[in-house]
Every structure is written in structure tokens, then in C-alpha cells.
Trainee: 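Got a structure for you, written out below as C-alpha cells; questions coming shortly.
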Amino acid sequence: MKKVKTRTISLLILVLLMCAGMTVYLVKYVRNGADWASFSANNGYYTKGVLSVGRILDRDGLVLSEYGSEKGRRLFPDKKITRISTLHLLGDQHGYIGTGAVKNFASELIGYNLINGSYSLRSGGNDLYLTVDADLNDIAYQALDGKKGCVGVYNYKTGETLAMVTAPSYDPVAPPDDLTSNSKYEGVYINRFLSSTYSPGSTFKLVTTIAAIEKLPNLEDMTFHCEGSAEIGNGKVTCTNAHGTMDIAGALAYSCNCAYAELALKLGADTLADYFEELGLSESLSIDGIATAQGKYTMPETTNDLGWSGVGQYKNMINPASMLRLMGAIGGGGTGAELRLIQTVKSSVGIPTGIYKADTKTLLSADTAEWLTDMMRNNVEDVYGADRFPGLDICAKSGTAEVGGGKDPHALFAGFIRNEEAPLAFIVIVENGGRGSTVAGNVASTVLQAAVEALEK
Ligand SMILES: [Zn+2]
């Protein structure tokens, strides 16, 4: 009898061990299976390190990337301008651009799934449709007109990123000889929209305004007076000219530094830091698994620094993608969709292999968003000029970020359009582009006209 008992226990232990082993294996399989399958030494899908299965298409079905077996490499789009405008979206021929779609969406292209494994191996991989419109990317790249910078446009209801462009770029089929030596290609492998941070300039005044709406109960009745400069702490805060007397809407429209320094002092550094975080500006976003750079709020050291911090001319840095998401949340009445790049993935016989849908995130209250929207519309009507954006009900804030070194400031223009059919948010940054609303505003106008047309077609 004792012998039987011992045997039973031994057997039980063996079964338990086997179960534990299976569990470990399954957990690892679920967690890492896609990575194992898309590991670049996996000869089933890679030829000499080049992913040899799967196609990437734009939202309209234009093929942007596929493997060309004759050439032994992945082919880029046929049109030169599209090769240039989508280079950072797809990734370069050497894999230097870390955020490219070919590299980051390899497992989707291979067609890996947990149940069947790599079921699409025989069929040459999946078709991955991006949310981006390649024509719109071309227009955005051309609108930057040779300047460095970036453009992002996305649908704040669905999360679809329609345009994502970074300059400088180059034609990957004929890379320039001076790519690594000419300063005009400085930072050419960086997707500035995803991986860079910029000084926000006066676009930061939106953060200060949101904090003021929520923390200063008498904001509506407050008036500000600007003589062109104000003593703040142990130094001055200056404006380009004397703005006179104005309310909060006027202060935002004329981007009055004196008024915003005063607001910053009332709010305090901790409040500004809290709102910077709450509004998602210090967060790294995950755009279908691609991580964006984090922005940073630097605590001011002096009262004067605090004044400049509320203006947007201190050391704070924002990432364009996070700023775009904030614009989407304001446009969406406080809640915006998270950005995404994958529209759908289909097997070779056209069957969707997954559900790609954006999550939403609430960044501010509906009341705050409504008030801010009115003010951002007022900016356009009173200062930027609504006629520069024909047919677009655009709400925006410009920014001019001083960069020092005798160089022209960076020009920023960010906002959204109110249009049920085309709920689009945008950000344009033109490095050393001069005044924000002029240069970057023109780029935004061109791109948004085309974006609305594209969505209506
Ligand atoms: Zn002023």
C-alpha cells in the first residue's frame, strides 16, 4: 500500500512539473512568438537580412514597400517625391531610421499568429495598409519647401495619421553623396515627428491657458495690461510690441508674453508642471507599438524663469506627436483618439488578420476644451486671418521658438479643424522658419486643404 502511495505522489509531481513547463513555454510563446518569428536571422522571411515577405500600402492601396526578388531588396515607391516623403514612415534601406514601418511592423507583414504560427509564409506575407495618404505626404513635404521640420495630420475621432512627414529627407534609390557630410542633411535619419523634441514657443501658452481656466476662477473677468515689457522677478519679460489692455482671449490671440508671465506667477511652477503631465506632454506615446520621444517640463529656478516658462520660452520641450494628440483632444471636446498608423492588415486572400482601432484618451474637461476652442478660433479670426484658410473652420495657436546662435527662430503652428466629415488635428514645425503663424501657418493651410479634399473624395 505504501509503495502505491509513493508512486502516486511521484507521478503527481511529474505531472505538475510538466504542467509548469508547459505554462512557462506557453507564456513565452505568447509573449515572444511574434519576435521569434520576425527575428531577422529567420531565413523563412528574411533574405540576407532583408524582410522578403509582406507589402506596405497607403490608405488608398498604393504599394509603398514590397520585396523585389530580382534586386534582392525591398522596393520603394515608384514616384520619387513619394520615396522622399515616405522615407521616415517606411524606414531607409540600411535600417538606420529606427521608427520605420518595415522594421516595426515586421510581424504583421510576416503574418504571424499564435494559433497557426506563420501561416502566411507560403503566400508571401500580408498586406499592411497604413492610415497615411501618400499623396498628402507628398504635398506636406513639398510645402516645407526645403526647410527642416515636420508635419503631422491626424483624424482625432478615428486616430488615423493621414500625413507624417519629416525633413530633411532624401531619395533612398539614389542617396546623395554628401548625405553624411552636408549640414543640410543634419539629423536625416531621425523621424522628427516621432523622435524629436522641440521648444514649444508660444504654443505652450495653450498649456498655461488650460491651467488658468481650471485654476483661476475669475479668469473671465481678468484684464491684462501690456506696455511691451514687464518686470518679473529679477528681470524683464518682453513682447514684440505694446499690446495695451486685453482679456484672456486677447492675451492668447496676441500671444502677449507679459500677460502670460503674470498668469504663470499666479499659477506657480508646480501647477504648470502638473498640467504639462496631465495633458500628456511628458508621456511617450505608443503608436501601434512605436514609441515617441517624451517631452519635458523643466522646473524654473527663478521668478523670472517662471514667467518665461508660462510664455513657452524657457527650457521646456515638447514632442510633436504628443502635441498633436493634445490638439486632437481639444478638438474632440476634451477627448481625442490615440494616434495610429496601421489601418488594417490583410492576408494574401484579402482576409483581415486583426482589428485595428484607436483607443481614446481624455486629456481635459469638456468645458475647458469648449472655452479654449472658442479662443483658438478667435486667434485665427482676429490675428492669423481666416481668409488664409479658405473653407476651413480652423482653430489654432502659433509659436515662434527662439533658438539663439543668431539663427531664425523655429516656427510652429498647431490646432485642429471643426468639421464632422474631416475632424483633423495638425502640427507644423518649420525649423528656423521665422514667425510661426506666417510660415508654418501657410504649410498647414496647404496640407489641410488637400487633407479635407482627400477625405471627401
Ligand atoms: Zn504683450
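Counting starts at 1 for both ligands and their atoms, following the listed order.
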Trainee: Which N, O or S atom name in His243 marks its closest approach to the Zn ion (ligand 1)?
Mentor: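 So the atom name we want here is ND1.
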Trainee: How wide is the angle at the Zn ion (ligand 1) spanned by Cys256 SG and Cys239 SG, rounded to 10 degrees?
Mentor: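 Once rounded, the angle between the two atoms at the Zn ion (ligand 1) is 110°.
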Trainee: Looking at the Zn ion (ligand 1), is there an N, O or S atom belonging to Cys258 that lies under 2.8 Å away from it?
Mentor: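 Not a single backbone or side-chain N, O or S atom of Cys258 is under 2.8 Å from the Zn ion (ligand 1).
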Trainee: Tyr46 and Ala106: which non-hydrogen atoms are nearest, and at how many Å?
Mentor: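 Reported closest heavy-atom pair: OH-CB, 3.7 Å.
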Trainee: Is it true that, when you exclude Asp78 itself, more than 12 heavy atoms of the residues, nucleotides or ligands shown sit nearer than 6.0 Å to its CG?
Mentor: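 Not buried by this count: 12 neighbours or fewer within 6.0 Å.
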Trainee: Looking just at side-chain N and O atoms, do Thr131 and Tyr154 make a donor-acceptor pair shorter than 3.5 Å?
Mentor: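 Judged by distance alone, the side chains do not pair up.
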Trainee: Salt bridge or not for Arg377 and Asp393, using N-O below 4.0 Å?
Mentor: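 Yes, charged N to carboxylate O under 4.0 Å.
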